[in-house]
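Notes for the one structure printed next.
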Amino acid sequence: MQAAKQQYRAQILQKKKKKMPLPHAVLITYPTAGQLNPMLQLAQLLHSQGFYITFVNTEFGYRQLLRGNASLDALFGRFNRSSFRFVSIPDGICESDLQGPGYLLNVWFSIVRNCPAALHELLLELNSSPDVPRLTCIITNFLVTFPRDVADRLGVPELVFWTTSACGLMASLHVRELVRRGYVPLKDESCLTNGYLDTAIDWIPGMKDIRLRDISSFIRTTDRDDFYLKEEMEEADYALKSQGLILNTFEGMEGEVLDALRGFFPRIYALGAIGSLIDQISGSAATTTPMRLGSWDEEEEEDRRCAEWLEAQQRGSVVYVSFGSITTLTRDELAEFAWGLAESGRPFLWVVRPGLVEGGIEALPGGLVEETKGRSLLVKWCHQGKVLSHPAIGVFLTHGGWNSMMESVARGVPMICWPGFADQYTNCRYACKHWGFGMEIEEEVRRGQVTEVVREALEGEKGEEMRKKAMEWKEKARRAAAEDGTSFTDLARLANDLTQLTTNTGIKQTKHTPS
Ligand code: UDP
């Protein structure tokens with residue numbers, strides 16, 4: 001690996017000396033925080049390896065990025081913008097699409113309708129433009145399943161950045177097989193509650209001790225033509241035909257499943273925890289600025305409030321609560337969490353983003369703020385990396401989105417998981433059963449259980465164990481990102497392989513199909 005790194009560095013130096021064009025990676029993101037943040041991080045990493053970057057966003061994602069950051073220079077700090085371009089393509093998303101509980105689907109349909117043609121045109125244009133180096137590769141987010149035709153036409157390799165865990169991906173790859181074997185669709189609604197979901201699934205390579213309920217939420221349907229079920233299968237099919245797979249995980253954490261995935265993909269690069277890798281490469285902590293939801297001023301104010309409030313709390317005492325950027329709660333669920341946290345008697349910092357629940361922060365039960373005065377802080381959004389890094393944080397009550405989990409792992413913060421969507425069930429199972437840093441809250445959330453689990457996580461024996469495990473994982477994550485750690489060397493290998501592809505005619509595609 002060391003040799004690959006040195007070889008790669010020598011090539012870049014040579015290119016610079018001879019004023020040869022840099023390798024040019026086009027990264028295409030899906031415009032939600034959980035997809036955009038890691039793609040920005042990947043862009044930073046490749047840029048640090050001497051790549052010219054074109055970062056393609058949809059107009060909606062680009063607007064959010066601009067709104068939440070003082071400037072694009074502020075977003076990338078000391079990174080050299082002369083070889084980093086942001087480009088946006090029309091997505092047709094309008095304000096009315098963003099209202100109501102169906103907004104995620106509206107966004108998805110608008111993108112699928114409007115982006116493929118625009119993206120094709122952009123890629124063709126980029127490839128023939130004298131102003132940028134010729135394209136070396138295209139890296140797509142796994143939800144963007146349409147640039148392959150044009151990549152093939154241009155003879156440019158296309159890699160997929162699958163932003164869930166490796167185990168989440170492995171489960172998704174086997175949804176089609178679950179359908180084929182008759183586990184899915186469910187026979188009827190009773191299967192959701194009669195124990196059927198506890199059926200052991202012991203034939204997915206690299207995955208142990210999992211049940212049907214630990215596979216993506218999209219299998220919980222009685223309809224064979226369910227939109228999400230079909231999408232899940234199609235995304236997996238698309239990824240399987242890519243020329244390489246990039247993941248935000250690391251060998252020490254998901255080695256077994258990564259090994260099994262190697263049977264399906266010609267090349268895999270595990271770059272997790274991706275934030276730690278950036279910190280390692282840039283030489284300082286918390287340089288990565290995530291996508292924000294509000295305006296720059298508002299967000300700065302929220303960050304200031306969080307920092308001040310956390311400073312006043314005792315070490316390891318605070319429950320940080322966030323359900324990510326897209327999860328929604330019913331008002332009842334919100335109330336159960338609210339009173340469960342209140343009754344725990346422990347301090348909590350809760351991100352209640354607009355859209356988390358109908359009515360936003362106003363939907364919180366009356367009396368909560370008074371009842372928890374002095375020990376609660378409610379914000380609309382925060383810089384999660386900074387919050388999780390604060391020594392006052394004792395536990396993270398999370399929906400189990402993969403970015404959140406990796407951010408927490410990198411900082412040694414144990415988790416209370418309440419999954420509800422996509423791969424979050426798989427992540428939760430692994431956190432609680434295999435990695436040992438998690439406890440779970442039942443799907444039908446009750447305030448009594450929230451109180452009990454919070455107290456146990458902060459003060460009980462189980463909590464003590466989870467803290468120990470979380471610190472062990474933090475150390476393993478640190479080692480993976482450190483120079484010559486597995487993630488560090490995988491980055492060098494990725495950069496090297498992509499550079500080779502500019503000089504060679506292409507890479508052989510090996511065909512794999514899931515068992
Ligand atoms: N996030 C943040 N501030 C918040 C809540 C979330 O910066 O107040 C970021 C978080 O750090 C993570 C992303 O939003 O990078 C959420 O991604 P995740 O995969 O955890 O969940 P998703 O939103 O995709 O369900």
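Atoms within each ligand, like the ligands themselves, are counted from 1 in listed order. Keep in mind it's a predicted model, so treat the numbers as computed, not measured. Sequence positions, counted from 1, serve as the residue numbers for this chain.
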Practice task
Measure from the ring center of His47 to the ring center of Phe55 and say whether it is less than 6.0 Å.
Solution key: no
Please compare [options] and report which has the shortest non-hydrogen distance to [atom].
{"atom": "atom 10 (C) of ligand 1", "options": "Gln424, Glu407, Glu302", "answer": "Glu407"}
{"atom": "atom 20 (O) of ligand 1", "options": "Gly385, Ser404, Ala422", "answer": "Ser404"}
{"atom": "atom 13 (C) of ligand 1", "options": "Asn37, Val351, Asn248", "answer": "Asn37"}
{"atom": "atom 16 (C) of ligand 1", "options": "Gly275, Pro38, Gly34, Cys306", "answer": "Gly34"}
{"atom": "atom 7 (O) of ligand 1", "options": "Cys382, Gly401, Ser325", "answer": "Cys382"}

Practice task
Find the distance between CE (Met405) and CD (Gln424) and round it off to the nearest 0.5 Å.
Solution key: 9.0 Å
Exercise for the section: For ligand 1, note which part of Met405 has a heavy atom under 4.0 Å away: side chain, backbone, both or neither. Expected result: neither
Problem - Part of Trp381 with heavy atoms under 4.0 Å of ligand 1, whether side chain, backbone, both or neither - result: both
Problem - Within-cut-off N or O pair, Ser322 and ligand 1, under 3.5 Å - result: no
Handout entry: His383 N/O under 3.5 Å from ligand 1 N/O
Key = no
Practice task
Using the six-membered ring wherever Trp is involved, compare the ring planes of Phe348 and Trp350 and label them parallel, tilted or perpendicular (cut-offs 30° and 60°).
Solution key: perpendicular
Exercise for the section: Look at the aromatic rings of Tyr228 and Phe218 and report parallel, tilted or perpendicular, splitting at 30° and 60°. Expected result: parallel
